[in-house]
Asks: 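I have a structure here, written as structure tokens, and I will follow up with some questions on it.
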Amino acid sequence: MAKGDLIKNLVIVESPAKAKTIEKFLGSDFTVKSSYGHIRDLPKGDSAIDIKHGYQPIYIVPDDKKAVVAELKKMAKQAEHVWLASDEDREGEAISWHLAEELNLDILTTKRIVFHEITKEAIKKAIANPRIINKDLVDAQQARRVLDRLVGFELSPILWKKVKGNLSAGRVQSVAVRLIVEREREINDFNAVSSYKISALFDIDDNGKKKILKAELVKNIDTEKNAEDFLKRCVNATYTIENIENKPAKKSPSAPFTTSTLQQEASRKLGYGVSQTMIIAQKLYEAGHITYMRTDSVNLSETALLAAKVEIEKSYGPSFYQLRKFANKSASAQEAHEAIRPTYFENTSINGDNGEKRLYDLIWKRTVASQMADAQLEKTIVTLGISTTTEKLVATGEVLKFEGFLKVYLEGSDEENPDEDQAGMLPPLSVGEILSLNEMDAMQRFSRPGARYTEASLVKKLEELGIGRPSTYAPTISTVQRRGYVVKEDREGRVRKFQFLKLKDNQITIETKTENTGAEKSKLFPSDIGNVVTDFLYKHFDQIMDYNFTALVEKEFDEIAEGNLEWRKMIDEFYVPFHKTVENTSETADRVTGERILGKDPVSGKTVAVRVGRYGPLAQIGDEEDEKKQFASLRTGQSIETITLELALELFKLPRVLGIYEEKEMKVSIGRFGPYIVHNSKFYSLPKTDDPYTVDADRAIEIILVKREADANKLIKTFEERPDVQLLNGRWGAYLNIDGVNYKLPKGTEAAALSLDECLTIAANDTTPKKPSRFTKKAAKKAAPAPRKAAARKPAAKKATKKK
DNA sequence: CAGTGAGCGAGCTTCCGCTTGACTT
């Protein structure tokens with residue numbers, strides 16, 4: 001558009017991708033622009049809210065929004081009509097209001113339009129029915145904004161004072177951490193109860209084919225003795241089919257994706273973290289492949305419903321189609337958008353990288369399945385009598401009569417049920433038939449505590465509690481990890497014994513077997529600091545930490561939106577007592593370290609305790625007054641809450657001096673990357689098979705010599721003119737190193753034959769992102785006080801990217 | 001994928017919710 005041109009209609013939406021689409025629908029009289037979300041916010045400091053004057057918020061246009069606002073302002077001046085078309089929810093209404101204020105538009109007359117779906121009909125209809133800004137809804141947003149700022153910026157400094165610096169607290173994040181902390185404690189306090197599951201395997205002859213029928217006792221047996229008694233009773237018994245019941249069953253598809261369910265399913269089926277899912281979804285959205293990805297609605301537009309029908313009937317036939325309209329379960333949903341769906345159902349796949357293709361495939365299948373017919377099943381329940389006892393065995397089978405939506409998609413599950421067998425088809429059986437027992441087992445099984453959260457299952461829980469919004473789920477999960485409250489990691493399981501009783505050929509055998517239990521992959525664990533902060537906040541600010549706090553204030557926000565409550569009054573009623581507690585806590589509460597006394601050191605008789613120190617969790621021998629007290633850091637995976645006296649004392653056994661070799665001392669210890677030997681200021685990692693507590697001098701020398709040998713063979717080639725270019729042998733074969741940066745060699749390259757020019761070409765063509773260059777001494781020092789895990793994972797690069 | 005193995009001290013940190021940006025001629 002040339003300078004000075006008159007614009008007939010200026011429409012302002014939130015997202016630029018949306019602006020592009022809408023512009024196509026509206027024709028040449030309309031220019032559609034985007035505000036890129038909120039254009040104003042509270043400034044960073046303490047003076048953002050004038051508490052004494054009715055909690056008056058001071059708004060500023062942040063630096064990164066100045067250009068957008070300037071452009072919109074200019075265009076608004078040139079426009080005949082301005083239409084504010086931000087989302088129809090609390091935040092969207094506030095965006096329109098801020099725009100009106102900042103662009104000098106008349107609040108009382110400027111046209112406000114809304115649509116819940118980006119379709120031509122919806123937009124035309126919106127244009128035909130403008131309203132004005134709803135100031136009550138805006139006030140509800142102001143109350144939300146002010147409350148969050150007051151809570152966050154008054155609680156966080158108390159943590160700096162009473163726990164340590166750089167911590168944070170807030171309405172959403174602190175509750176998210178509490179969920180993780182409490183789940184971990186439930187797991188630690190859990191006492192597994194065991195019982196015995198009885199399964200009988202029968203040999204069946206299915207027209208000459210040998211098959212096995214598995215039947216089970218419906219209720220497990222409580223003790224080993226009773227299980228054995230049961231098997232004893234079955235010696236020489238006959239087993240008769242007493243009843244066969246067939247009954248139809250059906251499965252129905254799930255609703256189309258919202259942000260939360262997309263994150264869950266991408267986690268279960270593709271193994272993506274919630275941020276990863278959102279980044280990929282954003283790309284799909286920007287490319288026009290899917291509708292908006294931050295939504296809490298399960299609704300599909302009429303256009304989408306029709307397109308799904310066409311696609312299903314074309315690809316699978318009319319019998320597979322069923323119109324379905326889903327209702328939202330979550331009361332906190334604001335439904336400003338459609339569900340997440342493919343923009344064009346006829347695109348069964350898209351161009352893009354692997355992640356984009358897989359996520360699109362998931363979205364396509366989920367959406368299409370949601371408009372498909374039920375799957376029809378036939379369930380068969382076979383009851384078997386035992387001649388020697390009144391108890392019954394039951395076998396169940398399932399046959400799929402009509403696939404329906406299962407042709408396309410089956411939702412994943414969070415439940416891990418290793419004991420549950422997939423019910424399949426049963427062999428032909430008849431009532432009165434006598435079956436021959438192959439064997440009967442009684443297997444000891446254990447009850448299990450609630451599962452640890454994954455990123456996605458935590459999002460699910462937060463959504464159930466009405467805490468957080470689609471746009472904040474992923475950032476919240478990142479925040480609690482960045483602050484070091486929560487770590488996402490894998491944990492190895494432990495070996496557990498269980499009893500296995502078997503009746504075969506009328507003989508009973510009892511065997512003790514072992515299984516691995518409790519192994520975790522990408523699960524969220526609380527850190528010690530997460531525990532300490534949660535306990536502190538819960539003790540002094542139970543209101544904020546209450547799982548219902550958000551739901552309660554949301555009710556009040558709704559009242560404000562309906563015009564039945566004045567927002568300043570609502571905030572005042574919350575803030576006055578809250579602030580009093582803040583002041584009181586700040587003055588009187590003790591510093592907290594989460595200290596736990598473990599007992600006495602058997603050698604010195606001194607007290608052994610664990611607590612959070614300046615650099616993280618530590619163990620200490622000797623009281624505060626003790627001048628010769630000793631310290632040792634806890635290891636990764638150890639926790640103040642669960643560590644035992646024995647394990648804490650172990651920490652003081654390292655470093656151990658192993659002896660002298662080549663006139664230098666050999667010392668063994670455990671570092672960030674596991675056990676190592678240090679000798680002549682060189683480090684040698686201990687192989688997994690060696691134990692740092694028992695390894696001896698002879699073995700240490702061996703390890704040193706093996707490493708020297710490897711190092712001697714490491715160098716393949718160097719070049720006189722460029723000493724910084726080296727071809728080296730690594731654990732995975734030859735690689736190229738130039739000035740400390742590693743490059744992969746193309747497959748099949750003979751490393752020793754490469755010339756310097758060829759090496760430089762390989763380096764120049766290598767587009768894989770390289771790690772930031774090695775820390776300088778200074779940078780390494782700076783990174784030191786960061787939380788243990790975070791320091792190991794994220795080098796100092798974080799700050800630089802943020803500033804930009 | 002490749003290597004790695006911290007620790008003296010001042011001033012700063014922080015919320016939740018919208019949305020994607022990107023030095024020049």
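Keep in mind that this is a model prediction, so the values were computed, not measured. Side chains are part of it too, since the values below use all heavy atoms of this structure and drop only hydrogens, waters and symmetry mates. In what follows, every chain begins at residue 1, and chains take the letters A, B, ... in the order their sequences are listed.
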Asks: Side chain of A/T258, backbone of A/S297: donor and acceptor closer than 3.5 Å?
Replies: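 No; zero donor-acceptor contacts below 3.5 Å.
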Asks: For A/G170, answer base if it contacts any base atom (sugar-phosphate contacts may also be present), sugar-phosphate if it contacts only those atoms, and nothing otherwise; contact means non-hydrogen atoms under 4.0 Å.
Replies: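 It contacts sugar-phosphate atoms only.
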Asks: Check whether NZ of the Lys or CZ of the Arg A/R178 lies under 6.0 Å from the centre of the six-membered ring of A/Y547 and within 45 degrees of that ring's axis.
Replies: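 Yes - A/R178 lies over the ring of A/Y547, closer than 6.0 Å to its centre and within 45° of its axis.
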Asks: Using only modelled atom types and a 3.5 angstrom limit, is any donor from either the side chain of A/S685 or the base of B/dG5 paired with an acceptor on the other?
Replies: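 Such a pair exists between side chain and base.
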Asks: Checking contacts here: which listed nucleotide (B/dC15, B/dG17, B/dC12) is nearest the side-chain heavy atoms of A/R144?
Replies: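 Of the candidates, B/dG17 comes closest.
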Asks: Nearest to the side chain of A/S156 - B/dT13, B/dC15, B/dG17?
Replies: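 The listed nucleotide nearest to A/S156's side chain is B/dC15.
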Asks: Where the side chain of A/P16 is defined as all heavy atoms beyond and including C-beta, which of B/dT20, B/dC18, B/dG5 is the nearest nucleotide?
Replies: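 Looking only at heavy atoms from C-beta outward on A/P16, the closest nucleotide is B/dT20.
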Asks: Within this structure, what is the CZ-to-P distance between A/F683 and B/dG3, rounded to whole angstrom?
Replies: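 Nearest whole value for this atom pair: 15 Å.
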Asks: Using the ring of A/W567 (Phe, Tyr or Trp, six-membered ring only), decide whether A/R144 places NZ or CZ under 6.0 Å from its centre and within 45 degrees of its axis.
Replies: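 Ring-cation test returns no.
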Asks: Using only modelled atom types and a 3.5 angstrom limit, is any donor from either the side chain of A/R149 or the base of B/dC16 paired with an acceptor on the other?
Replies: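 Per atom types, no contact qualifies.
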Asks: For A/Y59 and B/dG17, what is the distance between atoms OH and C1' respectively, to the nearest whole Å?
Replies: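 Distance, rounded to whole Å: 12 Å.
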Asks: Select one nucleotide: of B/dT13, B/dG17, B/dT20, the one nearest the side-chain heavy atoms of A/W160.
Replies: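 Side chain of A/W160 sits closest to B/dT13.
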Asks: Determine whether a donor-acceptor pair (N or O, by modelled atom type, separation under 3.5 Å) exists between the side chain of A/S86 and the backbone of A/V13.
Replies: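 No: the side chain of A/S86 does not pair with the backbone of A/V13.
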Asks: Closest to the A/D89 side chain: B/dT20, B/dT14, B/dC18?
Replies: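 For A/D89, the side-chain atoms sit closest to B/dC18.
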Asks: Among the nucleotides B/dT20, B/dT14, B/dG17, which one has an atom lying closest to any side-chain atom of A/E91?
Replies: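 Closest of the options to the side chain of A/E91: B/dG17.
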Asks: Of all the choices, B/dC15, B/dT13, B/dC18, which nucleotide is nearest to the side chain of A/I95 once you look at every atom?
Replies: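 The answer is B/dC18.
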Asks: Indicate, with a heavy-atom threshold strictly under 4.0 Å, whether A/Q173 touches base, sugar-phosphate, or nothing.
Replies: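 Here A/Q173 touches the backbone only, sparing every base.
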Asks: Measuring to OP1 and OP2 of B/dT14, would you say a side-chain N or O of A/R171 lies under 4.0 angstrom away?
Replies: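 Looking at the OP1 and OP2 atoms of B/dT14, neither is under 4.0 Å from any side-chain N or O of A/R171.
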Asks: Give A/F631 one of three labels, base, sugar-phosphate or nothing, depending on what nucleic acid heavy atoms sit under 4.0 Å from its own.
Replies: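 It contacts nothing in the nucleic acid.
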Asks: Map A/E154 and A/K18 onto DNA chain B by nearest heavy atom, then report which one ends up closer to the 5' terminus.
Replies: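 Its nearest nucleotide being more 5', the pick is A/E154.
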Asks: Measure from CD on A/Q282 to P on B/dT20 and round the result to the nearest Å.
Replies: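 Taking atom P of B/dT20 as the reference, CD of A/Q282 is at 5 Å.
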Asks: Taking the side chain of A/N166 as its heavy atoms from C-beta onward, which of B/dG5, B/dT13, B/dT14 lies nearest to it?
Replies: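 For the A/N166 side chain, the nearest candidate turns out to be B/dT13.
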Asks: Starting from P on B/dT14, measure out to CG on A/D148 and report it in whole angstrom.
Replies: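 Distance, rounded to whole Å: 16 Å.
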Asks: In whole angstrom, what separates A/Y684's OH from B/dT4's P?
Replies: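 So the two atoms are 11 Å apart, to the nearest Å.
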Asks: Within the structure, does a side-chain N or O atom of A/S15 lie under 4.0 Å from either OP1 or OP2 of B/dT20?
Replies: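 Yes, because at least one side-chain N or O of A/S15 sits under 4.0 Å from OP1 or OP2 of B/dT20.
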Asks: Once the angle between the rings of A/Y292 and A/Y285 is folded into 0 to 90°, is it parallel (under 30°), tilted (30 to 60°) or perpendicular (over 60°)?
Replies: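 Perpendicular: the ring planes of A/Y292 and A/Y285 meet at over 60°.
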Asks: Provide, to the nearest angstrom, the distance between the CG atom belonging to A/D87 and the C1' atom belonging to B/dT19.
Replies: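 Answer to the nearest Å: 10 Å.
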Asks: Heavy atoms within less than 4.0 Å of DNA chain B: which residues of residues 461-474 of chain A have one? Give them sorted by number.
Replies: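 By residue number: A/G468, A/R469, A/S471, A/T472.
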Asks: Using the ring of each side chain (for Trp, its six-membered ring), is A/Y684 parallel, tilted or perpendicular to A/H679, with breaks at 30° and 60°?
Replies: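 Aromatic pair A/Y684/A/H679 classed tilted.
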Asks: Can you measure A/H98 atom NE2 to B/dT19 atom P for me and round it to whole angstrom units?
Replies: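 Result: 15 Å.
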Asks: By the 4.0 Å heavy-atom rule, please label A/A67 as base, sugar-phosphate, or nothing.
Replies: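 Touches nothing.
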Asks: Of the nucleotides B/dG17, B/dT20, B/dC15, which has the atom closest to the A/R483 side chain?
Replies: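 Taking heavy atoms from C-beta onward, the closest nucleotide is B/dC15.
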Asks: How is A/Q141 classified with respect to the nucleic acid when contacts are heavy atoms under 4.0 Å: base, sugar-phosphate, or nothing?
Replies: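 If one applies the 4.0 Å heavy-atom cut-off, A/Q141 turns out to touch nothing in the nucleic acid.
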Asks: So A/H540 and A/F536, would you call those rings parallel, tilted or perpendicular, with 30° and 60° as cut-offs?
Replies: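 Aromatic pair A/H540/A/F536 classed tilted.
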Asks: On the 0 to 90° scale, with breaks at 30° and 60°, tag the A/F541-A/F578 ring pair as parallel, tilted or perpendicular.
Replies: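 Tilted.
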Asks: Taking any heavy-atom pair under 4.0 Å as a contact, classify A/V172: base, sugar-phosphate, or nothing.
Replies: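 Answer is sugar-phosphate: A/V172 comes under 4.0 Å of backbone atoms only.
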Asks: What is the distance from NZ of A/K44 to P of B/dT13, rounded to the nearest Å?
Replies: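 Taking atom P of B/dT13 as the reference, NZ of A/K44 is at 7 Å.
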Asks: Keeping the roles fixed (side chain from A/Y55, backbone from A/L147), state whether a donor-acceptor pair exists under 3.5 Å.
Replies: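 No, the answer is negative, given that no donor and acceptor are paired below the 3.5 Å cut-off.
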